[in-house]
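In what follows, chains are A, B, ... by sequence order, proteins preceding strands, each numbered from 1. These figures come from a predicted structure and were not determined experimentally.
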Amino acid sequence: MLIEYLQEIKKEIHSHILKQFPSLSLKEQDIRLERPPQPEWGEFAFGCFPLSKETKKKPVEIAQSLAEGFSSHPCIESLNANGPYLNIKIKKSSFSQIVCKEIFAQKNRFGSNSLGQGKALMIEYSSPNTNKPLHIGHVRNNLLGMALANLLEFCGYNVIKANLINDRGIHICKSMLAYQNWGNNVTPEQEGIKGDHLVGKFYVQFESALKKEQEEYASSQGVDLSLFSKPYLQGLKDKIKETKDKPEKERLQKEYQNLNERAEKWEQEFLENSKLYSQAMEMLRLWEKEDPEIRALWSKMNSWVMKGFEETYQKLGCKFDKIYRESETYSLGKEHVEKGLKEGAFYRKEDGSIWVSAEKLQQISPDAFKGIPLKDKLLLRADGTSVYITQDIGTAILKASDYPLDKSLYVVASEQNLHFKTLFAIMKLLRFSWADGCYHAAYGMVTLPKGMGKIKSREGTAVDADDLIAEMTQRAKSKMKEENLRVEEDKLEETALDIALAALKIFILQVYPDKDIQFDPHKVIEFTGDTGPAIQYSYARICSIFRKAKEQNKEWKEDQLFAYDLLSQQEFSLIQDLSEFPQIIATAGESYNISLIANYLLNITRKYASIYAAYPVLKAESEQLRDARFALAKATAQVIQNGMSLLGANVPESM
RNA sequence: GUGCCUGUAGCUCAGCUGGAUAGAGCAUCAGACUUCUAAUCUGAGGGUCGCAGGUUCGAAUCCUGCCAGGCACGCCA
């Protein structure tokens with residue numbers, strides 16, 4: 001077994017050190033083996049720095065003396081000193097044998113572990129609003145969520161994938177109102193477009209009508225709207241920064257503050273006078289009162305949207321075990337807020353609204369709120385209607401009562417960091433034992449390049465998920481036709497989609513989750529270089545080798561001892577990379593960091609491509625060498641497949 | 001203003017639990033298809049790791065301060 005083998009090497013190094021320096025307090029688990037920068041130097045390296053203090057010798061001397069004093073060991077070929085490092089050369093043949101044998105034996109389980117054995121974990125992701133179609137920002141969420149779910153399942157957790165549908169609120173009513181006003185009772189079927197796109201159209205229509213109304217109102221009041229606009233205010237901000245003259249700077253700052261306040265006030269005033277907005281609010285009230293007509297429209301439009309989402313989910317490979325709807329959880333949230341009030345966790349203001357105090361939050365989670373000048377948080381309005389966090393409280397409690405959860409992950413953008421800190425603290429205040437298992441798996445935004453503003457559906461700057469996938473699939477298809485077409489006609493569509501999705505998934509998942517991703521809608525996601533298709537390409541070429549081998553009657557069976565010692569340094573180095581896959585998975589699983597896997601796959605793909613060009617399998621100089629290369633190819637393909645499947649990407653056998 | 005995140009090659013990103021000469025891809029230039037799939041490979045050029053201090057035998061990595069960008073601080077969701 002691989003783990004035992006690596007342990008054995010550590011053990012030997014440890015005991016070898018103690019032989020020379022018996023008085024050391026060094027423990028076996030303190031031995032950290034690294035990988036030398038040059039493969040020729042060896043497979044592992046031990047830096048002698050930590051021994052220097054106790055032995056009162058220089059690391060260089062220690063390495064020297066350790067190398068000289070070594071005789072032999074079944075796994076270790078030789079020890080060499082190189083400066084302060086003790087470089088270890090192992091018996092490559094037996095190591096390769098162990099690695100490949102393990103991969104062949106475990107197949108698609110290779111790399112898995114039992115980190116989460118016996119633990120139930122819920123992962124909530126996607127969580128869409130039912131008023132507009134999914135865009136590139138949602139795609140990042142969906143891909144991260146699905147990949148995390150796969151990864152954690154691979155790490156032994158019993159994973160429950162949940163989706164919380166945001167199907168209630170003023171934004172939903174906006175689309176509904178637009179449909180009622182201008183929709184002429186059209187259906188997605190009549191229009192021939194997906195339901196989410198149709199509803200999204202009405203949402204945009206509402207927003208532009210509202211904007212028009214706003215402009216009209218402004219001119220009737222003699223207000224210059226351009227002074228309140230984002231670009232103008234931003235320009236003023238930039239000017240303040242540039243201004244050196246103090247009095248002038250202060251004057252500008254005052255002007256900025258003044259304008260900001262006026263803008264806010266005016267916005268408020270407009271909404272109070274807006275016919276459209278008050279219609280939408282009236283609709284929300286009717287919805288809360290369960291007005292049958294409004295509820296019927298709501299159900300109809302929601303089902304259109306959900307049907308549209310399901311199509312997109314299916315393409316992206318997103319699956320869910322449990323669907324929660326905000327419309328079904330917010331009243332439970334209200335109940336628990338009332339309960340918390342009775343138990344003294346919250347307090348009630350004179351107007352009847354219910355709050356949690358900043359002090360209580362700070363007390364229960366001091367670390368989370370360290371240094372933050374926290375304000376009291378509203379949990380329930382005076383009129384008894386719920387706010388955003390009310391329904392999240394309800395949903396969290398419902399989740400834990402539906403399943404006995406050890407961990408509960410929320411895949412939500414990092415802009416909501418404070419919200420989740422607050423939510424989790426409230427759960428602790430309500431003394432739920434599972435509150436400590438809650439974790440916000442945050443990720444950065446998908447942004448447009450500088451000067452292009454923000455991604456916003458209602459302003460039409462969003463990159464639509466369906467459009468993007470369709471366009472990429474089209475490009476993959478023409479690319480395949482451009483090459484020698486190696487794919488059967490009936491598999492063309494499917495393969496093109498696989499390639500497009502792999503490109504999209506690797507593009508997004510290779511980036512460290514905390515980082516923002518800059519996405520230029522005018523540039524395409526590439527298919528060449530360090531991309532998803534490159535990983536698939538390596539896999540397809542390996543499959544091709546085995547197909548050709550079969551045609552040429554070159555038999556190969558994996559359950560043999562191969563002459564791995566004939567392999568080149570470069571090839572052996574790849575075997576060592578493959579042996580590290582389980583460790584990558586474990587680290588990724590512990591830190592919820594998907595990008596480690598994507599980058600690992602790109603790394604081994606690059607190495608394999610180089611090996612592919614330099615070391616032919618079928619035309620190897622000897623049969624023994626050929627068989628060893630078969631083994632390496634097979635093992636590489638298996639690891640690529642395992643890694644890609646965690647990222648939710650398919651690997652076609654030809655492309 | 002306060003807090004969190006980010007700053008590495010022209011561009012997009014790895015590396016960050018301190019360790020050997022800071023790595024890829026794209027773009028640029030020069031090579032390689034009668035060869036297991038050229039969506040590839042080989043090579044070249046390209047870096048004050050935001051800046052300044054500190055800790056250390058050793059810092060892209062840890063600490064402090066500053067600078068720049070993003071986000072949050074709503075009876076919006």
Side-chain angles (χ1 to χ4, degrees), chain A residues 32 34 36-38 41 45 47 49 52-53 58-59 82-85 87 127 129 131 166 168-172 241 264 326 351 353 355 369-375 377-383 385-389 391-392 413-419 421 442 444-445 447 450 454 476 479-480 482-484 486 499 503 507 510-520 523 526-534 536-538 540-549 552 554 587 591 595-596 598-600 602-603 606 609-620 629 633 654-655:
Chain A
R32 271 194 53 202
E34 323 170 28
Q38 301 291 332
W41 297 357
F49 311 100
S52 137
K53 225 175 205 167
K58 286 182 180 163
N82 185 347
Y85 286 90
N87 285 329
S127 312
N129 290 316
N131 65 334
N166 250 291
R168 183 199 84 91
I170 186 76
H171 53 296
I172 308 290
K241 236 178 248 170
E264 232 166 78
E326 202 193 318
D351 67 357
S353 55
W355 299 69
F369 299 113
K370 209 168 142 192
I372 302 177
L374 206 58
K375 289 180 202 152
K377 179 88 188 161
L378 176 83
L379 303 178
L380 206 60
R381 291 193 189 101
D383 64 2
T385 58
S386 65
V387 288
Y388 179 46
I389 203 160
Q391 66 83 21
D392 259 354
S414 55
E415 20 179 44
Q416 297 198 31
N417 278 347
L418 187 60
H419 171 79
K421 277 183 185 176
M445 299 197 303
T447 64
K450 270 188 191 134
K454 278 175 92 176
K479 177 97 182 160
M480 275 197 285
E482 221 173 84
E483 309 284 325
N484 292 327
R486 296 189 184 81
I499 293 169
F507 176 80
Q510 80 187 114
V511 180
Y512 184 69
D514 277 352
K515 275 195 171 182
D516 288 348
I517 291 181
Q518 210 185 88
F519 183 84
D520 189 338
K523 284 190 190 154
E526 287 295 337
F527 290 159
T528 59
D530 268 359
T531 61
Q536 294 174 314
Y537 187 63
S538 274
R541 291 207 291 193
I542 293 172
C543 292
S544 178
I545 294 174
F546 282 93
R547 271 196 303 270
K548 278 267 156 58
Q552 297 173 13
K554 287 176 178 156
T587 311
S591 56
S595 71
L596 291 175
N599 283 301
Y600 170 83
L602 289 169
N603 186 31
R606 211 181 301 126
S610 177
I611 287 167
Y612 181 90
Y615 306 102
V617 179
L618 297 175
K619 290 188 177 154
R629 286 187 181 156
S654 51
M655 63 187 274

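- Between the CZ atom of A:R381 and the C1' atom of B:C76 there is a distance of 9 Å, rounded to whole Å.
- Among the nucleotides B:C41, B:A77, B:C36, the one closest to any side-chain atom of A:V617 is B:C36.
- Distances shown here put every side-chain N or O of A:T531 at or beyond 4.0 Å from the OP1 or OP2 atom of B:A39.
- Checking B:C71, B:C73, B:A38 against the side-chain heavy atoms of A:K375 singles out B:C73 as nearest.
- For the pair A:A534 and A:D351, both in contact range of RNA chain B, the more 5′-proximal nearest nucleotide belongs to A:A534.
- Looking at RNA chain B, the stems built from 3 or more consecutive Watson-Crick or G-U wobble pairs, each pair with its key distances under 3.5 Å, are B:1-7 with B:67-73, B:10-13 with B:23-26, B:28-32 with B:40-44, B:50-54 with B:62-66.
- A:R629 forms no cation-pi arrangement with A:Y615, by the criterion of a distance under 6.0 Å to the ring centre and an angle within 45° of the ring axis.
- A close approach under 4.0 Å does not occur between any side-chain nitrogen or oxygen of A:R547 and OP1 or OP2 of B:U37.
- Nucleic acid contact for A:L618: base, since at least one base atom lies under 4.0 Å from a heavy atom of the residue.
- Dashed line: the shortest gap from a side-chain N or O of A:K548 to OP1 or OP2 of B:U37 is under 4.0 Å.
- Here A:S544 lies in heavy-atom contact (under 4.0 Å) with a base.
- With B:U37, B:G70, B:A77 as the candidates, the nucleotide lying closest to the side chain of A:Q416 is B:A77.
- When the C1' atom of B:A77 is taken as reference, atom OH of A:Y388 falls 6 Å away, rounded to whole Å.
- Between A:M480 atom CE and B:A38 atom C1' there is a gap of 17 Å when expressed in whole angstrom units.
- Side-chain proximity of A:N87 to the nucleotides B:A20, B:C71, B:C75 is greatest for B:A20.
- Ranking B:A20, B:C73, B:G25 by closeness to the A:A45 side chain, first place goes to B:A20.
- Expressed to the nearest 0.5 Å, how far CD of A:Q510 lies from CG of A:D530 amounts to 7.0 Å.
- Using a 4.0 Å heavy-atom criterion, one finds that A:A609 contacts the sugar-phosphate atoms exclusively.
- Remark: the separation of the P atoms in B:C62 and B:U6 is 10 Å, to the nearest Å.
- Enclosure of atom CZ in A:R32 is not indicated, since only 12 or fewer non-hydrogen atoms of other residues, nucleotides or ligands lie within 6.0 angstrom.
- In terms of modelled atom types and a separation under 3.5 Å, the side chain of A:N129 and the main chain of A:N131 share no donor-acceptor contact.
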One character per nucleotide, please: for nucleotides 1-7 of chain B, 5' to 3', B when the base has a protein heavy atom closer than 4.0 Å, S when only the sugar-phosphate does, - otherwise. -SSSSSS
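- Counting any heavy atom pair closer than 4.0 Å across all strands shown, A:P36 reaches a base atom.
- For B:C11 and B:A27, the P atoms lie 16 Å apart once the distance is rounded to whole Å.
- Other residues, nucleotides and ligands place more than 12 heavy atoms under 6.0 Å from the CD atom of A:E34.
- Spacing between atom CD1 of A:I170 and atom P of B:C76 amounts to 10 Å, rounded to whole angstrom units.
- Applying the 90° cutoff around 0 to the glycosidic angle, B:C26 is assigned anti.
- Taking atom P in both B:G25 and B:G69, the straight-line distance is 32 Å, to the nearest Å.
- Atom OG of A:S654 and atom CZ of A:R547 lie 5.0 Å apart (nearest 0.5 Å).
- Among the atoms of the strands shown, base atoms are found under 4.0 Å from some heavy atom of A:S654.
- For A:E326, whose side chain is taken as the heavy atoms from C-beta onward, the closest listed nucleotide among B:A77, B:A39, B:C41 is B:A77.
- Rounded to a whole Å, the CD1 atom of A:I499 is 8 Å from the C1' atom of B:A39.
- Within 4.0 Å (heavy atoms only), A:N129 reaches sugar-phosphate atoms of the nucleic acid but no base atom.
- Under 3.5 Å, the side chain of A:E526 and the base of B:U12 form no donor-acceptor pair of N or O atoms.
- Only the C1' atoms considered, B:C33 is 30 Å distant from B:U12, to the nearest whole Å.
- Annotation for A:A45 and A:P36: closest pair CB-CG, 3.9 Å, computed over non-hydrogen atoms.
- A heavy-atom distance below 4.5 Å is found between the side chains of A:K421 and A:I372.
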Nucleotide by nucleotide, 5' to 3', does protein get under 4.0 Å of the base (B), only the sugar-phosphate (S), or neither (-) in nucleotides 55-66 of chain B, counting heavy atoms? ------------
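- Taking atom CG on A:L602 and atom P on B:C26, their separation rounds to 12 Å, with Å as the unit.
- When the C1' atom is compared between B:A24 and B:U34, the two are found 33 Å apart, to the nearest whole Å.
- Annotation: the span from A:D520 atom CG to A:T447 atom OG1 amounts to 10.0 Å, rounded to 0.5 Å.
- Separation of atoms CD1 (A:I542) and OH (A:Y537) is listed at 12.0 Å; rounding is to 0.5 Å.
- Nearest to the side-chain atoms of A:D530 among the listed nucleotides B:A39, B:A24, B:C75 stands B:A24.
- The CG atom of A:D516 lies 5.0 Å from the CE atom of A:M445; values are rounded to the nearest 0.5 Å.
- Atom pair A:Y615:OH and B:U42:P shows a separation of 11 Å (rounding to whole Å applied).
- Remark: the A:N131 side chain and the B:A77 base include no donor-acceptor N/O pair separated by less than 3.5 Å.
- Of the P atoms belonging to B:G10 and B:C57, the separation is 35 Å, rounded to the nearest Å.
- Each of A:N166, A:I172, A:D392 was compared with A:E326 under the side-chain contact (heavy atoms from CB on, under 4.5 Å) criterion, and only A:N166 meets it.
- Residues A:L378 and A:S353 meet the side-chain proximity criterion, which asks for heavy atoms closer than 4.5 Å.
- At a threshold of 4.5 Å between non-hydrogen side-chain atoms, the residues A:Y612 and A:V617 do not count as touching.
- With both ends at atom C1', the span from B:G74 to B:U61 equals 39 Å, rounded to whole Å.
- Shown here for A:P533 and A:M655, the closest heavy-atom pair between the two residues is O-CE, 3.7 Å.
- Rounded to the nearest 0.5 angstrom, A:Q536 CD and A:C543 SG are separated by 11.5 Å.
- Rounded to whole Å, the separation between the C1' atoms of B:C5 and B:U42 comes to 40 Å.
- Nearest to the side chain of A:Q518, among B:C13, B:A20, B:C36, sits B:C13.
- Residue A:W41 places its side chain closer to B:U21 than to any other of B:U21, B:A39, B:A24.
- One atom, CD of A:Q391, and another, P of B:C76, lie 14 Å apart when rounded to the nearest Å.
- Minimum atom distance to the side chain of A:Y612 is reached by B:U37, of the listed B:U40, B:U37, B:A24.
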